[in-house]
Amino acid sequence: MIARVVVDVPVAAVDRPFDYAVPPALSPLVRVGIRVLVPFGPRQVIGFVVDVDEADGKTEAAGKALKAIAAVLDPEPPLTEELVALGAWMAEAYLCPRSAAYQAMLPSALKARTEKRLRLRGEPPPLLAPSAEEAAFVEALRRRGHLTFDEAMKRFPGAAALMRRWVEEGVLDVFYAAVDRAGTKTVTRVVPAVDPEALRRARDALSPRAVRQRAVLDALLAAPHPPTLADLLAAAGAPRSAVTALVEKGLLHLVEEEVYRDPYAAASFAPSSPPPLTAQQEAAVCRISEALASGQPHTLLVHGVTGSGKTEVYLQAIARTLESGRQAIVLVPEIALTPQMVERFKGRFGARVAVLHSRLSVGERYDEWRKIRRGEVDVAVGARSAVFAPFTRLGLLVIDEEHETSYKQEEQPKYHARAVARWRAERHGAVLVLGSATPALETYAASKSGRIERIVLTERPGGGRLPTVTVVDMREELRAGNRSMFSRRLREAIERRLSCGEQVVLFLNRRGYATFVLCRVCGYVAQCPHCDLSLTYHLAGRMLRCHTCGHAEPEPARCPSCGSPHVRYFGAGTQRVEEALARTFPGIRVIRMDVDTTRAKGAHEVLLGRFRSGEADVLLGTQMIAKGLDFPNVTLVGVIAADTLLRLPDFRAAERTFQLLTQVAGRAGRGERPGEVIVQTYAPEHYSIRLAQSHDYAAFAERELAVRRKGMYPPFSRLILLTLSGRDVRAVQKAAGDVAARIRRAVDDTAQVLGPSPSPVLRVNDRYRFQCVLKYKNESLVKPAVKAVLAEVERALSAQGVGLSVDVDPMVLW
DNA sequence: AGCACGCCGACT
DNA sequence: GTCGGCGTGCTC
Ligand SMILES: [Zn+2]
Ligand SMILES: [Zn+2]
C-alpha cells in the first residue's frame with residue numbers, strides 16, 4: 001500500500017506529493033485527508049495524505065527505496081476528500097503551497113508542527129573536564145528526560161560541540177515529536193496580588209515620579225474585574241514597563257488565560273417560526289428552491305436594499321435545503337456575527353446549527369467544528385473561514401454582505417471566501433447565494449453578463465422609506481467662517497434631535513484624537529520610528545501611537561526638533577469629535593465606539609445595548625458601527641468626513657466610499673419616523689457621493705464600470721500583487737527589479753507588468769516594501785508562469801532576507 | 001524550510 | 001591543523 005503525502009513544509013521546492021510505504025499495522029488508519037508523521041530527508045515532518053493506492057506494492061520512487069509513514073496523527077481524517085481537492089485548486093488559484101491551503105482549513109486545535117528533540121540513550125560516558133555549560137546541559141537532560149534542540153542550543157551554546165559528538169557516537173538520540181503550533185490564543189490578565197486596601201496604600205506610597213505606575217493602579221482599582229493587560233495599558237495610557245515594575249514589587253500578578261468563553265453559551269434562543277414573506281421575498285425563495293432542486297451548481301445574487309429582509313430569505317432557503325437532506329453554510333462578516341444574528345439562526349434551526357466564531361476559545365471552536373465533521377449539525381454559521389466547514393452533502397452556501405473586503409484573507413493563503421464557495425458549489429452541485437445592498441462590482445458585472453442570476457428586493461417588509469441624504473460642502477462652511485468640524489446644517493440637525501429625544505449616529509473613519517502632530521514653528525511632524533507614517537495623538541495617557549505597528553510614546557511637551565512649545569494637533573479623530581460634541585452641545589450624552597473602546601470582551605455588545613436602551617443621545621464611531629445594526633429611535637446619521645476613503649490611492653476607493661455611505665445611511669429611519677442623513681465632504685461633486693445621495697446603485701455601478709474599463713482594472717482584467725519586503729532597502733529594491741524582469745520574460749505581451757515601485761508606505765515595522773502589479777486576462781497562461789518564477793527566486797530571496805508575498809485578486813494595492 | 005555536505009579564512 | 005562561515009543540493 002502506497003500513500004501520497006503533501007508535507008507541511010510551505011515552500012515551492014517541495015510543494016508536490018511524495019510517495020510513502022504504509023506499514024501493515026497502520027494501513028487501516030491511513031486514508032485520504034489524514035495527517036501523518038513522515039521521515040523527510042534527515043528529519044521528520046507532518047504531512048497530509050492526499051491519495052492512497054491499496055493495490056500498489058512498489059518499493060521505490062525515483063530509483064530510491066520508499067520510506068514508510070512513521071505515525072498516524074488522527075483517529076479520523078480531519079479533511080474530507082473534497083477539501084483535499086480544494087487545497088490543490090487553491091494552490092493553483094492563489095499561487096500558494098498546498099500545505100498552506102490545508103493549514104487554512106484546519107481548526108487551530110489541529111494545527112501542529114514537529115519539534116526536534118534530544119534525549120540520552122542510556123548512561124552517558126563520563127566527561128573528563130566538562131565546562132560549566134556542558135555539565136549543566138547533561139544535568140538538564142537527566143532531569144527532564146529530553147530537551148528541545150532549540151532550547152538546548154540557546155541555553156547551553158558552549159555544549160554545542162559535545163552535542164554534535166554525542167549524536168554521532170549515538171550517545172544522544174535525535175527525535176521529532178508533533179506538538180501544537182504556538183497559535184493557541186491566550187490573553188494576559190492582570191490580577192492584584194494584594195487586597196484592594198493594600199493596593200490603595202501601595203499607590204499612595206509610590207514615588208511621586210512614578211506617574212505611570214500610579215495610573216496603572218488607579219485603572220486597576222477602577223476595573224470591576226481583572227482586566228487584560230492590553231486593556232489596562234490602554235486605560236492607564238501606560239507602557240508595559242510600568243506593569244512589569246509593579247509585578248516586581250509584588251503588587252500584581254500576570255495570569256495567562258485562554259481567550260474568551262462562548263459568548264452565546266448561556267443565552268437561550270427562543271424558537272422562531274417563519275414570518276409571512278413579501279411577494280419579492282417569496283419569489284426569491286422560490287428561485288433558490290428551484291436551483292436547489294435542479295442539483296446543478298448555481299450562483300444567485302440577492303440584491304436587496306437595506307431592510308428588504310434578505311436574512312429571512314436565507315432562513316427559508318436553508319429550511320428547504322435541510323428538507324432535502326442537504327447541508328448549508330452561511331458566511332457573515334465577523335463584525336456582524338452578533339448574538340442577535342446567531343439567535344436568528346439558532347432560533348429557527350436550534351441544535352442543527354454550529355457557530356464558528358473567533359470569539360470562541362480554541363477548544364470551543366474545535367467542538368463546533370467536530371459537530372460539523374461528524375454530521376451532527378446541518379448548518380454552519382461563521383465568518384470567512386467557515387467556508388471550509390467539512391460538510392459532505394452541501395446544498396447551499398450563503399454569503400451575506402458579499403461585497404465586504406473581510407472575505408479576503410489577508411495572510412497566506414490570500415483566498416477569497418466567495419471564490420472558494422463557488423468552487424465548492426460547483427463540486428457539490430450546490431447553490432451559492434450572494435446577498436448585498438451594494439454588490440461588489442465584479443458580482444454586478446457577472447450578473448449583467450448572465451453568468452450569475454440576479455434577484456432584486458426593493459420592498460421593505462417593515463415599511464419605512466429610504467432616508468433623505470443631504471451633502472454638505474465643507475469648503476462652503478470654511479468660506480462662511482465656520483471652522484468647526486460640524487457644518488451648520490449638521491449642528492442644527494443634532495440640536496433638533498436632542499430637543500425631541502431622538503437619537504443620532506455619527507460616523508468618522510479615524511480613531512484617536514488627532515491624526516498628526518505638527519510644530520507650528522519648524523514644520524516638524526511626529527513620525528513613527530518604525531514606519532513612514534505620522535503618529536496619532538490619543539488622549540488616554542496622552543500618548544502618540546502608530547496605528548500600524550503599535551509603537552507608542554509620550555506626547556512631546558516641546559518640539560523635539562526646534563524646542564518650540566507651539567506643537568499643535570491636526571486631523572480630527574473620534575476622540576476629538578467626542579470632545580467637540582461635549583463643547584458644542586453641553587450635557588450631550590455620547591457613546592464612542594472604536595477599537596480603543598471595544599477592546600475588552602463583550603464591550604461591543606454592552607455599548608450597543610446601552611445606546612439601544614436610550615442611555616445616550618449619540619453613537620459616535622468608526623467602520624464598526626456601519627454594519628446592519630437596527631436602532632428604531634435613530635433619525636439622523638451624520639458622516640463627519642466622507643472623503644477619507646476617497647483619498648486612498650486605490651482603484652476601489654470610489655466603490656468603498658459608495659458602499660460605506662449606503663451602509664451608514666441605512667442606519668437612519670428604521671422605525672416609522674423618516675430618517676435624515678447628512679454627509680460632510682470636500683468633494684461634493686464626486687459621483688460616489690452624489691449617487692449614494694440618490695440611492696442609485698445601478699447608476700453608480702455603470703459609471704464605475706466605465707472608469708474601470710478605461711483603466712483596464714477589474715472586472716475588465718485581473719491583478720496579481722507581488723510585495724517584496726525586508727530590512728535592507730537596497731536588497732529589497734534589487735530583488736524587486738529581478739523578480740519583475742523574470743516575470744516580464746515569463747509572460748507574453750497580453751499581460752502587463754507594472755513596477756517595481758515603492759509601496760505607498762515604503763517602510764512598515766522597519767521593513768521596506770516594493771511592489772509589482774500584474775494586469776492580465778489569460779489566467780491559465782499567467783499563473784503557471786508566475787508560479788515558476790516564484791519557485792526560481794525563492795531560495796535566493798530568503799538568503800537575502802527578502803520576503804515575497806503574492807496576492808491574487810488583491811482588495812487593496814498597498 | 002531544514003539539514004548535510006563542501007570548500008575557504010582566522011583561531012588554538 | 002580545526003572551527004565555523006554560508007553557497008548549493010536534496011528531501012518519496
Ligand atoms: Zn519645531
Ligand atoms: Zn509604526
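Chain A is the first sequence line, chain B the second, and so forth, proteins listed ahead of strands; every chain is numbered from 1. Everything numeric in this text was worked out from a predicted model, so none of it was measured.
- In this entry the distance linking OH of Tyr176(A) with C1' of dG2(B) reads 8 Å, nearest Å.
- In the set dT11(C), dC3(B), dA1(B), the nucleotide with an atom closest to the side chain of Lys116(A) is dC3(B).
- Phosphate contact (OP1/OP2 of dG2(B), side-chain N/O of Arg43(A), threshold under 4.0 Å): present.
- Between Tyr20(A) atom OH and dT11(C) atom C1' the separation is 7 Å, expressed in whole Å.
- At a threshold of 4.0 angstrom between heavy atoms, the contacts of Pro10(A) with the nucleic acid are absent.
- Glu792(A) has its CD atom 17 Å from the C1' atom of dG9(C), to the nearest Å.
- Nearest nucleotide to the Phe18(A) side chain, out of dC12(C), dC3(B), dA1(B): dC12(C).
- Atom-to-atom, CG of Asp150(A) to C1' of dC3(B) comes out at 13 Å; the value is rounded to the nearest Å.
- Among Tyr102(A), Tyr415(A), Trp369(A), Trp423(A), the one residue that satisfies the ring-ring contact (aromatic ring centres under 6.0 Å, His included) test with Phe388(A) is Tyr415(A).
- In this entry the distance linking CD of Gln44(A) with P of dC3(B) reads 12 Å, nearest Å.
- The interatomic distance linking Arg165(A) (CZ) with dC3(C) (P) rounds to 10 Å, in whole Å.
- Listed candidates were dT11(C), dA4(B), dC12(C). Nearest to the side chain of Pro42(A) is dA4(B).
- Side-chain N/O atoms of Lys67(A) include one lying less than 4.0 angstrom from OP1 or OP2 on dC12(C).
- Between Phe40(A) atom CZ and dA4(B) atom P there is a gap of 14 Å when expressed in whole angstrom units.
- Using cut-offs of 30° and 60° for the angle between ring planes, the Tyr713(A) and Phe651(A) rings count as parallel.
- Taking 4.0 Å as the cut-off between side-chain N and carboxylate O, Glu410(A) and Lys408(A) do not count as a salt-bridged pair.
- At a cut-off of 3.5 angstrom, the base of dA1(B) holds no donor-acceptor pair with the side chain of Arg795(A).
- Residue Arg164(A) is in sugar-phosphate contact alone, with no base atom involved, counting any heavy-atom pair closer than 4.0 Å across all strands shown.
- Around CD of Glu169(A), the count of heavy atoms belonging to other residues, nucleotides or ligands within 6.0 Å exceeds 12.
- Residues Phe149(A) and Tyr176(A) keep their aromatic ring centres 6.0 Å or farther apart.
- Nearest nucleotide to the side chain of Asp19(A), out of dT11(C), dC12(C), dG4(C): dC12(C).
- Lys64(A) has its NZ atom 14 Å from the P atom of dG9(C), to the nearest Å.
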